[in-house]
Structure formats: structure tokens, C-alpha cells
Colleague: 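Take a look at this one; I'll ask things after.
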Protein chains: 2
Amino acid sequence: MNGSGVRGTVTMHDVAARAGVSIKTVSNVVNDYPHIRPATRAKVQAAIDELGYRMNLSARSLRQGRTGIIGLALPELSLPYFAELADSVIRAAEARGVVVLIEQTSADRQHELDVLTSDRRQLTDGLIFSPLELGPDDADALKVDYPLVVLGERIFGGDWDHVTMNNVDAARAATQHLIDQGRRRIAVIGAHAGETMGSAALRVLGYQAALAANGIPFDPDLVVEGGLWHRATGTDCTNRVLDSGVKVDAIFGLNDALALGALHALHAREVSVPDEIAVIGFDDIEDAAYATPTLSSISPGREEIATMAVDLLLARIAGEETPYRRVITDFEVVPRESTAA
Amino acid sequence: MNGSGVRGTVTMHDVAARAGVSIKTVSNVVNDYPHIRPATRAKVQAAIDELGYRMNLSARSLRQGRTGIIGLALPELSLPYFAELADSVIRAAEARGVVVLIEQTSADRQHELDVLTSDRRQLTDGLIFSPLELGPDDADALKVDYPLVVLGERIFGGDWDHVTMNNVDAARAATQHLIDQGRRRIAVIGAHAGETMGSAALRVLGYQAALAANGIPFDPDLVVEGGLWHRATGTDCTNRVLDSGVKVDAIFGLNDALALGALHALHAREVSVPDEIAVIGFDDIEDAAYATPTLSSISPGREEIATMAVDLLLARIAGEETPYRRVITDFEVVPRESTAA
DNA sequence: GGTAGGCTTTACATCGTTGCAAAGATGCGC
DNA sequence: GCGCATCTTTGCAACGATGTAAAGCCTACC
């Protein structure tokens with residue numbers, strides 16, 4: 001029955017008594033302090049094993065001012081891209097000995113602001129933050145006094161590290177891919193009117209750049225507004241643009257959910273993909289490879305984003321004082337059936 | 001500049017000094033102790049606001065023996081069902097003032113065992129555990145000394161609360177739905193040989209029960225083994241059963257990912273769904289509604305599962321001593337195009 | 001044999017908060 | 001106006017760990 005009834009009852013004090021050493025020596029053993037006589041270490045270790053001692057992490061946190069927990073704030077896990085991102089972040093964190101507390105912002109501006117000042121920030125050593133709604137005007141809110149890594153390009157030039165992909169170039173590449181298949185009437189769905197720095201705006205910029213580079217005139221009727229980047233929005237945008245009567249031979253979904261929604265709408269309307277309309281998405285979520293037809297997309301290097309974000313954050317937490325960095329990850333066009341020749 | 005440069009510098013002590021009261025009174029205000037004179041409360045609150053005080057949660061945890069964090073152990077977030085479940089659990093937890101630490105087990109038995117005894121259990125007040133690989137033989141490992149809620153029916157009768165759906169009945173209903181559409185050669189994909197109590201086994205039981213109830217002979221060739229319930233497995237199982245030459249007019253995927261993989265395989269083989277082969281899944285993930293064709297499924301009451309699990313766990317954490325409970329949630333057949341008449 | 005210097009171990013204070021129990025203030029009934 | 005009950009506020013110890021600095025122990029070398 002190794003001495004303890006109630007959970008967490010065994011403390012360093014008990015171990016020390018059992019091993020016949022001071023409590024500090026137990027602490028030293030547990031923390032791999034190098035100057036310990038092997039015999040002592042063995043004694044202590046034996047006591048630890050016999051008593052089933054586990055360190056009280058709250059006490060350690062109090063003493064050290066660190067919790068070993070990092071926060072991850074994202075819109076919601078039901079969006080596959082963010083679920084996959086969270087998966088990668090958790091794995092990267094685990095490999096480095098820290099755990100992840102996830103907070104969902106529901107893509108709500110106030111909720112995103114709240115997350116930055118929430119009580120829970122006391123519980124985490126730092127935050128990886130993927131905002132959707134905050135814009136340049138909110139830069140002040142991001143001036144926080146704890147380590148922060150921001151994902152996505154939305155907000156520039158602040159005192160924090162940044163991990164992002166090159167949205168403009170990636171969108172240009174996606175568009176170019178469609179053009180290479182002979183498409184010229186390319187609708188883009190999920191645009192956000194009035195936005196200048198968000199992913200939506202940047203991706204539309206890339207789209208326009210590709211058109212320009214190929215001498216294709218830009219037709220504003222092909223840019224379809226859409227709020228949240230859910231499948232339902234993609235379906236809706238697609239129906240709207242097709243109902244409007246403009247000619248369309250390809251659709252660029254600003255993310256995969258939108259593009260999958262588009263496939264859904266096209267299927268319902270019995271429009272063949274890619275023969276009549278080609279479709280490409282963005283993010284390369286797992287769904288894309290299993291959609292019918294399989295969906296071409298842009299792979300943003302999710303693993304790399306997650307790993308970089310965790311590494312940057314942990315470096316700040318460890319006290320690194322280097323200038324704030326902006327990391328741009330690689331992307332790749334992943335052609336599949338939905339844009340086949 | 002409200003007095004503090006470094007993060008976390010403001011303590012109750014500072015607030016007390018500023019407000020001219022004792023530190024304990026500050027604590028009382030913060031914790032909504034009822035017997036405080038309004039004037040005192042106001043003074044303290046003002047000091048808190050002026051100094052920007054935030055409670056140190058590590059200290060509170062150390063003192064109270066509670067962290068306000070609950071653990072959620074699941075196979076992986078990239079599986080949409082679990083991402084959606086995590087979403088629901090986080091929302092339910094947030095509504096009750098606690099936060100969620102997610103651990104991924106990768107559907108690996110050793111990893112599932114590790115999670116139960118990990119150091120991180122010191123950091124959480126209790127655990128919601130969704131095992132995939134543990135079986136009845138591992139019941140001992142689940143005899144832990146902290147509050148535990150197990151999701152899924154895999155392991156029976158231990159000292160822990162249980163939230164599950166009725167897998168047998170739900171699978172029977174899914175199969176019956178196919179039979180009602182006139183199908184008689186129903187393949188079931190994703191079975192686990194040798195398993196007796198897992199979701200796979202229970203769902204196959206339900207499948208058999210439905211066949212029996214309708215006087216359809218059971219053909220073992222229609223039960224297709226498959227390990228992890230990923231889309232790729234569904235594709236693979238489907239190809240195997242079709243290549244084997246047995247006649248098939250419907251496929252029951254033991255979860256939606258398998259069924260989506262099946263749709264993918266059928267599309268590639270140019271088999272029309274539902275005309276030649278109808279398909280039904282299980283879990284009703286968001287994908288199902290947007291697949292091509294849209295996928296019929298079983299909705300397991302995910303919200304309800306999450307809410308019940310959180311409530312049961314919090315009750316245990318609060319010290320409830322009632323007998324361990326087994327909660328069975330409702331399910332619903334959601335018919336869509338893939339099984340349309 | 002003595003001592004400098006490195007290796008081990010230790011005592012003590014401390015991190016910020018809350019439970020306890022008691023002290024001080026207030027109000028009510030007679 | 002007094003005494004008792006109730007409301008408010010307080011001081012102190014404790015939660016379990018670690019940093020600091022010093023004490024004890026050895027070894028090696030003169």
C-alpha cells in the first residue's frame with residue numbers, strides 16, 4: 001500500500017525521510033543536479049519508487065514562475081485545418097516536454113481580444129495565437145507582457161514573433177496552376193470586402209497578380225464575398241456566382257473548406273469537375289485527398305509552422321532576447337483530380 | 001505604468017497595501033466571500049483595477065490542491081470525430097469555468113496506458129479518456145486515484161464513470177436503414193478480428209442483429225477487417241471486398257472516415273452511389289454532410305456526450321460520492337444521398 | 001601532516017495564495 | 001446602556017517545491 005491513501009499525499013518530505021537525506025537532496029536528484037554521489041542517488045531513487053512519489057507541479061510552478069504549459073488560441077477545432085494544426089502543435093510541444101492548453105475564439109473579435117488578457121494567461125508560459133478577426137487596428141492589444149507567437153500575416157510589425165506562409169505567392173501559384181490548365185474565367189470565393197491585410201485580402205492579391213502576369217483581365221464579378229470559411233459558405237458562394245450568370249471555368253476556394261463546399265454545390269447542380277469547372281483549394285487538409293473528385297490544393301507546410309511556432313515560443317520563454325522574427329514557411333501546389341487536364 | 005514592469009509582479013500583497021486592508025481581505029474579495037462591507041469591496045476592487053492585479057494560479061492551485069484544468073485524452077485531433085468532440089468538450093468546460101489539456105495517444109496501446117499515469121495527471125484535476133486500444137484486460141490500469149470518465153464502451157464495470165452511446169442499437173439501426181432501402185448484400189468495413197468489447201465488435205453485433213431480424217443470412221465474406229479507422233483504411237477495405245468478387249449492394253462504414261474512404265474508392269472505380277452501392281457511416285461528422293454524394297450516418301449526440309462527460313467529471317472532482325454511473329446517449333439515423341432510394 | 005579546493009549535502013527562506021481561528025466592529029433586544 | 005449574537009477583518013501557518021549560501025567531507029598536493 002506504499003504508504004499513501006489519498007492522491008498526491010507523497011511529498012519530497014516523505015521521500016527524504018525514507019531515504020534518510022534532506023529534502024533538498026531529493027530535489028537535486030529529481031532535477032538531475034550533477035554532483036550527487038551515486039549511492040545517494042540510488043537511495044533516493046529507491047525511496048521515490050517505493051513511495052510512488054510524483055512531483056507536485058503546482059508547487060514547482062509557484063517556485064519557478066513557470067508552468068510548463070503553453071497556450072494555443074485558434075478559431076475552432078471543428079475546422080479541419082485548425083484541428084490538424086493543433087495536432088501538430090501538440091506533437092511538437094510534447095517532443096519538447098511542454099503541454100498545450102487550447103482555447104477556441106470562435107472567430108469572434110471580442111473573444112480573440114479576451115484570450116489575450118484572460119486569467120488563463122497566468123496558467124501558461126506563453127501563447128501561440130492564430131487570430132482571424134483582429135486587424136492592424138488591434139496591434140496595441142497584442143502588446144502583451146508574455147511570450148507571444150502570432151500565426152498568419154494579419155498584423156504586421158509588432159513586438160512579437162510571427163510565423164506565416166507567403167499568402168500572396170501561394171495564391172498566385174494556385175491561380176497560375178488553374179491558368180496552366182487553360183482556365184481563364186476563374187472565380188475566387190470567400191473574399192472579405194474592405195479587408196487589406198488578412199489572409200483573404202492577401203490571397204486575392206495573389207490571384208490578381210497571377211491574372212495580370214498572364215494578361216487575363218480582372219473581372220470583379222468573379223470575386224465572391226463570403227464570411228466564415230466553412231463548407232457552407234463555399235456552397236453558398238458557388239451558387240451565387242453561378243446563379244449570377246457570369247461565365248466561370250474554375251473556382252479558387254480561399255481555403256479547402258470553401259473549395260469542398262464548392263464541390264458540393266457543383267455536384268448538386270450536376271456540373272462536372274474538372275471538365276466544366278476546375279476547383280482548387282488552400283491548406284491541403286486531409287479531406288482534400290479524399291474528396292470526390294480529389295481536391296487540388298496548396299500545402300502550407302503545417303508541420304513546419306507548428307514546429308517553428310513552438311520553437312520560437314520556447315526560446316522566448318527561455319529568455320531569448322533576439323529581435324522579433326518573422327518566419328515564412330514554404331508552400332507547395334498539390335495537383336489532384338479537381339484540376340486535372 | 002501601474003507600478004509593474006515585469007509580468008506577474010503584482011501580488012495580493014501589493015493590492016492589500018494599496019487598498020489599506022489585509023491581504024486576506026483581498027483574497028476574500030477576489031473569492032466573493034459574502035461578508036464584506038461594500039465600501040471595503042469597492043476599495044479593494046479599485047486597487048485591483050489600478051494595479052492590474054491578476055491572481056497567481058499556481059499559488060492558488062498549490063494551496064487548494066486543484067488546478068482548474070481537466071485532461072482530455074483522445075487518439076488524435078486529425079480524426080474529425082475527435083476534433084469535433086474536443087471542440088464540444090472545450091466549450092462545455094469553458095461554460096463551467098475550467099480549461100482543457102488535450103493529450104493525444106495516437107491510438108497506441110502503450111501511449112494510452114502512459115497517459116493514465118503520466119506526470120501531467122498532477123496538473124489536471126481529472127481526466128476524460130477516450131481509449132481505442134485498451135481492452136478488458138487493461139481494467140486494472142484504469143483503477144486510478146483521480147476522477148476519471150471513460151468514453152466509449154470498451155471496458156466494462158470498473159470504478160469510473162462511463163459515457164457512451166448504444167453501439168449495438170445504433171449499428172442495428174444503420175443496417176436496418178440499408179435494408180429498408182432494399183439492400184441485402186451489405187458489407188461492413190473496419191471490423192477488428194478477435195475484439196469482443198470494442199466499438200468495432202459491438203457495431204458488428206448490431207449489424208448481425210439487423211440481418212437476423214430481417215431473415216438475411218450472415219456472410220462472413222462481407223465483414224472486412226481494417227485497423228485504424230482512417231479514410232485510407234476505408235478505401236483499402238472497399239477495394240479488397242470488391243476485388244474479392246463477392247456481390248455487394250451496400251457498405252456500412254463503422255465510422256464516417258471509413259465510409260468517406262469507401263466513397264472515394266467507389267468513385268475511383270466508377271461505381272455509382274447509391275445506385276449500385278449504398279453507403280452509410282457512423283458519427284455524423286461535418287464532412288458527411290458535404291461529401292459527394294452526401295453521406296448518410298448515425299449521429300451519436302456528440303454535444304450530449306461532451307456535456308455529460310464534463311459534468312460527471314466535475315461532480316467527482318467536487319467530491320461526489322455516488323455510485324459510478326454509466327450514461328448512454330441517444331443516437332439518430334441521418335439519411336442522406338448515399339442511401340437515397 | 002596540513003591545507004586548499006572541489007565535491008556533496010544541508011538549512012532556511014521564499015514563491016502567492018487560502019484555511020483556520022480568533023479579534024474587532026457593529027447591531028439588536030431589553 | 002449593556003450583553004450577546006452576528007458581521008467583518010485579520011494574523012498566522014501551511015500548501016510543496018527550489019535558490020542561495022554555507023557547512024561538511026574528501027582528495028590531492030606540497
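Letters go in sequence order (proteins before strands), and every chain restarts at 1. Keep in mind that this is a model prediction, so the values were computed, not measured.
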Colleague: Look at A:S22 and C:dT10 and indicate whether a side-chain polar atom (N or O) is within less than 4.0 Å of OP1 or OP2.
Modeller: yes
Colleague: Using whole Å, what does the distance between atom C1' of nucleotide C:dT18 and atom CE of B:M12 come to?
Modeller: 8 Å
Colleague: With heavy atoms under 4.0 Å as the rule, sort A:V30 into base, sugar-phosphate or nothing.
Modeller: nothing
Colleague: Rounded to whole Å, how long is the line connecting atom CG of B:N31 with atom P of D:dT8?
Modeller: 17 Å
Colleague: Picking from D:dT8, D:dA17, C:dT18, which would you name as closest to the side chain of B:R63?
Modeller: C:dT18
Colleague: Is there a donor-acceptor contact under 3.5 Å linking the side chains of B:S58 and B:S61?
Modeller: no
Colleague: Is it the case that the side chains of A:D87 and B:Q104 hold a donor-acceptor pair, with the cut-off being a distance below 3.5 Å and no angle test?
Modeller: yes
Colleague: How close or far is atom C1' of D:dT6 from atom CZ of B:R37, stated in whole angstroms?
Modeller: 13 Å
Colleague: Say whether, by atom type as modelled, one donor and one acceptor occur between the side chain of B:D125 and the main chain of B:I70 under 3.5 angstrom.
Modeller: no
Colleague: C:dA11 P sits how many Å from A:I23 CD1, rounded?
Modeller: 10 Å
Colleague: Closer than 4.0 Å, any side-chain N/O of A:Y33 to the OP1 or OP2 of D:dT20?
Modeller: no
Colleague: Check the distance between C:dG16's C1' and B:I48's CD1 and give it to me in whole angstrom.
Modeller: 14 Å
Colleague: Without decimals, in angstroms, what is the distance between A:R66 CZ and C:dC15 P?
Modeller: 18 Å
Colleague: Is the shortest heavy-atom distance from the side chain of B:F129 to the side chain of B:V115 under 4.5 Å?
Modeller: yes
Colleague: Of the options C:dT26, D:dT18, D:dT10, whose atoms approach the side-chain atoms of B:K24 most closely?
Modeller: D:dT10
Colleague: Does a side-chain N or O from A:N28 land closer than 4.0 Å to OP1 or OP2 of C:dT8, or not?
Modeller: no
Colleague: Would you tell me if any nitrogen or oxygen in the side chain of B:R60 comes within less than 4.0 Å of OP1 or OP2 on C:dT18?
Modeller: yes
Colleague: Can you tell me if A:T25 touches the phosphate of C:dT10, counting only side-chain N or O atoms and a distance under 4.0 Å to OP1 or OP2?
Modeller: yes
Colleague: Which nucleotide wins on minimum distance to the side chain of A:T11, given the candidates D:dG16, D:dT9, C:dT17?
Modeller: D:dG16
Colleague: Find out whether B:L132 and B:T105 are in side-chain contact, i.e. whether some heavy atom of one side chain is under 4.5 Å from a heavy atom of the other.
Modeller: no
Colleague: From CG of B:N56 over to P of C:dT17, roughly how many Å is that when rounded to an integer?
Modeller: 5 Å
Colleague: Report yes if a side-chain nitrogen or oxygen of B:T40 is closer than 4.0 Å to either non-bridging phosphate oxygen (OP1 or OP2) of D:dT9; otherwise report no.
Modeller: yes
Colleague: Just the rounded figure in Å: distance from P of C:dT18 to CG of A:L62.
Modeller: 12 Å
